[in-house]
Colleague: 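Provided herewith is a single structure, encoded as structure tokens, for subsequent inquiry.
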Amino acid sequence: MKVRGKYLLFGIIISLLSGCHSRPTDQAQQYKDGHITHDFQLVNTPNAEGSPVNASDFVTQVNYISETSPRLYANNREIFEAVKRWMRSGGDTRDLNEFGLLAYQMEGSDNYGNVKFTGYYTPVLNARYTKQGEFKYPLYRMPTSSGFRLPTRAAIYRGALNKKFIIGYSNSLIDNFMMEVQGSGYVNFGDGRPLTFFGYGGKNGHAYRSIGKVLIDRDEVPKDKMSMRAIRQWAEQHSEAEVKALLEQNPSFVFFKPEPFTLVRGASAVPLVAKASVASDKSLIPPGTALLAEVPVLDEMGKFTGQYQMRLMVALDVGGAIKGNHFDIYHGVGKEPGEMAGFYNHYGRVWVLKKASAGFLAANQ
């Protein structure tokens with residue numbers, strides 16, 4: 001998969017805002033910038049403290065863009081180079097104009113600058129090429145077109161697809177599902193070879209239904225406790241039949257395409273650097289856009305610490321649930337990044353960085 005093809009990320013699972021207050025703060029919302037009346041509002045200086053904490057990661061991300069997508073790099077080269085010069089000078093937001101950079105604050109989902117952040121990651125599954133022992137849960141490649149609609153998840157679990165489409169067997173049905181949600185992952189076949197990358201191969205065409213919302217509606221997991229960890233813990237406490245029944249509530253199903261080991265790439269075909277790349281709504285934030293983001297800091301249990309970090313990030317991916325003032329932050333590979341990604345359903349502030357015209361600079365000197 002050169003694209004993550006992330007299908008309706010967990011943002012849909014857990015994106016239920018508390019509506020009990022006109023200006024909620026339970027998910028790190030802020031209101032110090034007042035009401036914003038435009039999609040992007042030019043500000044003299046971002047009203048934020050501190051400098052970006054991930055300068056080196058941003059540079060690595062930009063280098064990947066230069067190496068793998070020359071056209072995308074060329075379209076944004078001036079911005080990238082200006083940002084790097086600004087960072088080398090200390091990264092003080094008050095100095096952006098001195099480096100020919102303008103900051104446009106996003107209005108947020110509530111017109112007060114509160115931009116939604118969720119997270120995604122790349123899972124690692126254990127699997128075997130043939131069905132054996134605990135390795136009994138099939139992973140499928142996209143079936144060849146037959147002119148008929150593909151079966152639902154429940155039908156696939158019952159064996160509706162020809163076995164020739166099976167590309168491996170994992171030891172966890174919930175792990176399979178989590179990899180579907182992320183749209184791709186690495187698979188360890190236990191043969192000593194490098195991990196195989198299972199890229200996004202397509203969907204069965206049926207509507208997506210959030211199993212997180214199902215658990216909330218059943219009062220089995222509180223809304224404010226919902227996360228990927230909560231879903232996994234629920235699965236560990238219930239029988240295989242109960243887990244399967246829950247997953248079958250979502251008729252949508254994702255297929256995979258095995259590839260030799262490769263770096264994780266987004267929809268822009270560029271390798272992704274953790275917390276320096278995001279999935280965005282490309283109709284609002286085009287690929288290659290440089291972003292200055294104030295991201296809420298969560299503790300190891302997923303609770304907001306009351307602190308924020310400034311980060312530089314580039315929009316390099318897309319997602320079915322990522323619409324409008326919503327970014328999905330790529331967190332990296334494996335269990336720990338997965339847990340942290342699953343916690344994010346919070347709000348921060350984002351400024352789109354653009355190159356200032358010569359006229360603007362002259363008028364403001």
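All values derive from a computational prediction rather than experimental measurement.
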Colleague: Y330 and Y120: aromatic ring centres closer than 6.0 Å?
Modeller: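 Under 6.0 Å, so yes.
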Colleague: Between the main-chain N or O of L72 and the side-chain N or O of N76, is there a donor-acceptor pair closer than 3.5 Å?
Modeller: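 Yes.
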Colleague: V297 and Y347: same hydrophobic cluster, using ILVMFWY side-chain contacts below 4.5 Å?
Modeller: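 Hydrophobic grouping puts V297 apart from Y347.
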Colleague: So how far is it from L125 CG to N171 CG, rounded to the nearest 0.5 Å?
Modeller: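 Spacing of CG (L125) from CG (N171) equals 7.5 Å.
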Colleague: L247 and L173: side-chain contact (heavy atoms from CB on, under 4.5 Å), yes or no, with the steps?
Modeller: CA-CA 9 Å; L247 299 183; L173 191 63; 3.9 Å; yes
Colleague: Give, for atom CE of M301 and atom NZ of K303, the distance between the pair rounded to the nearest 0.5 Å.
Modeller: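 The NZ atom of K303 is 8.0 Å from CE of M301, to the nearest 0.5 Å.
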Colleague: Cation over ring, R23 on Y31, under 6.0 Å and within 45°?
Modeller: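 Verdict for Y31: a cation-pi partner in R23.
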Colleague: Taking the side chain as every heavy atom from C-beta outward, state whether I322 and F327 have any atom pair closer than 4.5 Å.
Modeller: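 When only atoms from C-beta onward are counted, F327 and I322 do not touch, as no gap falls below 4.5 Å.
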Colleague: Considering non-hydrogen atoms only, spot the tightest contact between M340 and D299 and give its length.
Modeller: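 Closest approach of M340 to D299: CE-O, 3.8 Å.
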Colleague: Any side-chain heavy atom of I231 within less than 4.5 Å of one from M178?
Modeller: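 Heavy-atom side-chain distance check passes, below 4.5 Å.
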Colleague: When you measure from the side chain of T122 to the backbone N and O of G185, does any donor-acceptor pair fall under 3.5 Å?
Modeller: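 No, because the side chain of T122 does not come within donor-acceptor range (under 3.5 Å) of the backbone of G185.
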Colleague: Hey, are the side chains of Q30 and Y112 touching, using non-hydrogen atoms and a 4.5 Å cut-off?
Modeller: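 No, too far: nothing below the 4.5 Å cut-off.
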Colleague: With under 30° as parallel and over 60° as perpendicular, where do the rings of Y140 and F255 fit, or are they tilted in between?
Modeller: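 Perpendicular: the ring planes of Y140 and F255 meet at over 60°.
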Colleague: Other residues, nucleotides and ligands only: do more than 12 of their heavy atoms fall within 6.0 Å of CD on E49?
Modeller: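 At most 12 heavy atoms, drawn from other residues, nucleotides or ligands, come within 6.0 Å of this atom.
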Colleague: So with a 6.0 Å cut-off around NZ of K32, is the heavy-atom count from everything else above 12?
Modeller: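 Yes, NZ of K32 has more than 12 neighbouring heavy atoms, counting only those of other groups under 6.0 Å.
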Colleague: If we ignore angles and hydrogens, is there a donor and acceptor under 3.5 Å between the side chains of T118 and H326?
Modeller: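 Per modelled atom types, T118 and H326 side chains form a pair under 3.5 Å.
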Colleague: Let me confirm one number: the OG1-CG distance from T25 to N114, rounded to the nearest 0.5 Å.
Modeller: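 That separation rounds to 10.0 Å.
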Colleague: Enter the distance from S184:OG to Y200:OH here, rounded to the nearest 0.5 Å.
Modeller: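 S184 atom OG to Y200 atom OH measures 11.5 Å (nearest 0.5 Å).
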Colleague: Has Q61 got a side-chain atom pairing as donor or acceptor with P271's backbone, closer than 3.5 angstrom?
Modeller: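 Present.
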Colleague: Which atoms form the tightest heavy-atom contact between S51 and G90, and what is the distance?
Modeller: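 The answer is OG-O, 3.2 Å.
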Colleague: Would you name the heavy atoms of A269 and R265 that are closest together and state the gap between them?
Modeller: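 That closest heavy-atom pairing would be O-NH1, 3.0 Å.
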Colleague: Same hydrophobic cluster for V83 and V59, using side-chain heavy-atom links shorter than 4.5 Å among ILVMFWY?
Modeller: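 Unlinked, V83 and V59 end up in two clusters.
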Colleague: Hey, is NZ on K84 packed in by over 12 heavy atoms from elsewhere, all under 6.0 Å?
Modeller: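 Count over threshold, so yes.
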Colleague: Tell me whether the rings of F198 and F256 are parallel (<30°), tilted (30 to 60°) or perpendicular (>60°).
Modeller: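 F198 and F256: tilted rings.
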Colleague: Side-chain heavy atoms nearer than 4.5 Å, only ILVMFWY residues, links allowed to pass through others: does that put F40 and L42 together?
Modeller: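 Looking at the clustering, L42 is in the same group as F40.
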Colleague: Could you tell me whether E78 and K354 make a salt bridge, using a distance below 4.0 angstrom between a side-chain N and a carboxylate O?
Modeller: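 Salt bridge flag = no for K354 with E78.
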Colleague: Quick one: does T93's side chain have a donor or acceptor within less than 3.5 Å of a partner on T45's backbone?
Modeller: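 Side chain of T93 to backbone of T45: no pair is present.
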Colleague: Side-chain contact test, heavy atoms from C-beta onward, threshold under 4.5 Å: evaluate it for V221 versus Q233 and give yes or no.
Modeller: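 Heavy-atom side-chain distance check fails, nothing below 4.5 Å.
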Colleague: How far apart are the C-alpha atoms of S170 and N176, what are their side-chain angles, what is the distance that settles it, and do they pass the side-chain hydrogen bond (donor to acceptor under 3.5 Å, both in side chains) test?
Modeller: CA-CA 7 Å; S170 86; N176 287 10; 2.5 Å; yes
Colleague: Would a distance-only check, ignoring hydrogens and angles, find a side-chain to backbone donor-acceptor pair under 3.5 Å from E339 to E336?
Modeller: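 Pair absent, no side-chain N/O of E339 close to backbone of E336.
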Colleague: What about the rings of H38 and Y104, do their centers lie closer together than 6.0 Å?
Modeller: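 No, the ring centres sit 6.0 Å or more apart.
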Colleague: Could you walk me through whether M228 and Y121 pass side-chain contact (heavy atoms from CB on, under 4.5 Å), step by step?
Modeller: CA-CA 11 Å; M228 284 188 276; Y121 75 110; 4.1 Å; yes
Colleague: Which heavy atom of I285 sits nearest a heavy atom of A315, and at what distance?
Modeller: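 Distance-wise, the nearest heavy atoms are CG2-CB, 3.8 Å.
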Colleague: Mind checking whether F253 and H206 have ring centres under 6.0 Å apart?
Modeller: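 Not close enough - the centres of the two rings lie 6.0 Å or further apart.
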Colleague: For the pair H346 and F304, name the ring-plane relationship: parallel under 30°, tilted 30 to 60°, perpendicular over 60°.
Modeller: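 If you compare the ring of H346 with that of F304, the planes turn out tilted.
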Colleague: Quick one: does L292's side chain get under 4.5 Å of L312's, heavy atoms only?
Modeller: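 SC-SC contact between L292 and L312 confirmed.
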Colleague: Is Y64 atom OH crowded by more than 12 heavy atoms from other residues, nucleotides or ligands, each under 6.0 Å away?
Modeller: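 Open: at most 12 neighbouring heavy atoms sit under 6.0 Å from OH of Y64.
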Colleague: So do the side chains of P123 and Y186 get within less than 4.5 Å of each other, counting heavy atoms only?
Modeller: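 In short, these two side chains do not touch, never coming nearer than 4.5 Å.
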Colleague: Please step through side-chain contact (heavy atoms from CB on, under 4.5 Å) for the pair E236 and I174, ending with a clear verdict.
Modeller: CA-CA 9 Å; E236 291 171 353; I174 196 70; over 6 Å; no
Colleague: Could you please spell out the steps behind the side-chain contact (heavy atoms from CB on, under 4.5 Å) verdict for V214 and L246?
Modeller: CA-CA 8 Å; V214 171; L246 172 66; 3.8 Å; yes
Colleague: Considering only heavy atoms from C-beta outward, does the side chain of I65 approach that of V314 to under 4.5 Å?
Modeller: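 Yes. Closest side-chain heavy atoms under 4.5 Å.
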Colleague: In a check of ring-ring contact (aromatic ring centres under 6.0 Å, His included) between F189 and each of Y129, F261, Y169, F135, which one passes?
Modeller: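 With F189 as partner, ring-ring contact (aromatic ring centres under 6.0 Å, His included) holds for just one option, Y129.
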Colleague: Would you call the rings of W234 and H238 parallel, tilted or perpendicular, taking 30° and 60° as the class edges?
Modeller: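 Rings of W234 and H238: parallel, as their planes differ by under 30°.
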Colleague: Any sub-3.5 Å donor-acceptor pair from S252's side-chain atoms to R153's backbone N or O?
Modeller: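 The answer is no, because no donor-acceptor pair under 3.5 Å joins these two groups.
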Colleague: Look only at the side chain of N97 and the backbone of L101, and say whether a donor-acceptor pair between them is shorter than 3.5 Å.
Modeller: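 Yes; at least one donor-acceptor contact below 3.5 Å.
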Colleague: Could you measure the distance from the CG atom of L316 to the OG atom of S280? Nearest 0.5 Å is fine.
Modeller: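 One gets 8.5 Å once the value is rounded to the nearest 0.5 Å.
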Colleague: In this structure, are over 12 heavy atoms from other groups packed under 6.0 Å from R229 atom CZ?
Modeller: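 Yes, because the 6.0 Å sphere around CZ of R229 holds more than 12 heavy atoms from other groups.
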Colleague: Decide, yes or no, whether a salt bridge links R209 with E248 under the criterion of side-chain N to carboxylate O below 4.0 Å.
Modeller: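 No, this pair does not count.
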Colleague: Taking C-beta and beyond as the side chain, do V115 and R349 meet within less than 4.5 Å on heavy atoms?
Modeller: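 No. Closest side-chain heavy atoms not under 4.5 Å.
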Colleague: With distance as the sole test, does T60 use its side chain to make a donor-acceptor pair with the main-chain N or O of S56 at under 3.5 Å?
Modeller: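 A pair under 3.5 Å: yes.
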Colleague: Can R141 be said to sit on top of F165's aromatic six-ring, NZ or CZ under 6.0 Å from centre and within 45° of the ring axis?
Modeller: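 Judged by the rule (NZ or CZ under 6.0 Å from the ring centre, within 45° of its axis), R141 is not positioned above F165.
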Colleague: Does Q29 reach the main-chain N or O of Q27 with its side chain, forming a donor-acceptor pair under 3.5 Å?
Modeller: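 Side chain of Q29 to backbone of Q27: a pair is present.
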Colleague: Could you report the tightest heavy-atom contact between W351 and P46, atom names first, then the distance?
Modeller: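 So the two residues come closest at CE2-CB, 3.6 Å.
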Colleague: Would D281 and S283 count as having a side-chain donor-acceptor pair, cut-off 3.5 Å?
Modeller: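 Present: a donor and an acceptor within the cut-off.
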Colleague: May I ask you to decide if G288's main-chain N or O and Y73's side chain share a donor-acceptor pair within less than 3.5 Å?
Modeller: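 No, the answer is negative, given that no donor and acceptor are paired below the 3.5 Å cut-off.
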Colleague: Looking only at non-hydrogen atoms, find the nearest pair between K355 and I79 and report the distance.
Modeller: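 Answer, listing the atom of K355 first, then I79: N-CD1, 2.8 Å.
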Colleague: If you count heavy atoms of other groups shown closer than 6.0 angstrom to CZ of R94, is the number above 12?
Modeller: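 Counting neighbours around CZ of R94, 12 or fewer heavy atoms of other residues, nucleotides or ligands fall under 6.0 Å, so no.
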Colleague: Is a side-chain donor-acceptor pair under 3.5 Å present for N47 with D33?
Modeller: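 Yes.
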Colleague: Rounded at 0.5 Å granularity, tell me how far CG in D95 sits from CD in E98.
Modeller: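 Between atom CG of D95 and atom CD of E98 there are 4.5 Å.
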Colleague: Applying the side-chain contact (heavy atoms from CB on, under 4.5 Å) test to D317, which of V270, D328, V278, L272 qualifies?
Modeller: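 The option that passes is L272.
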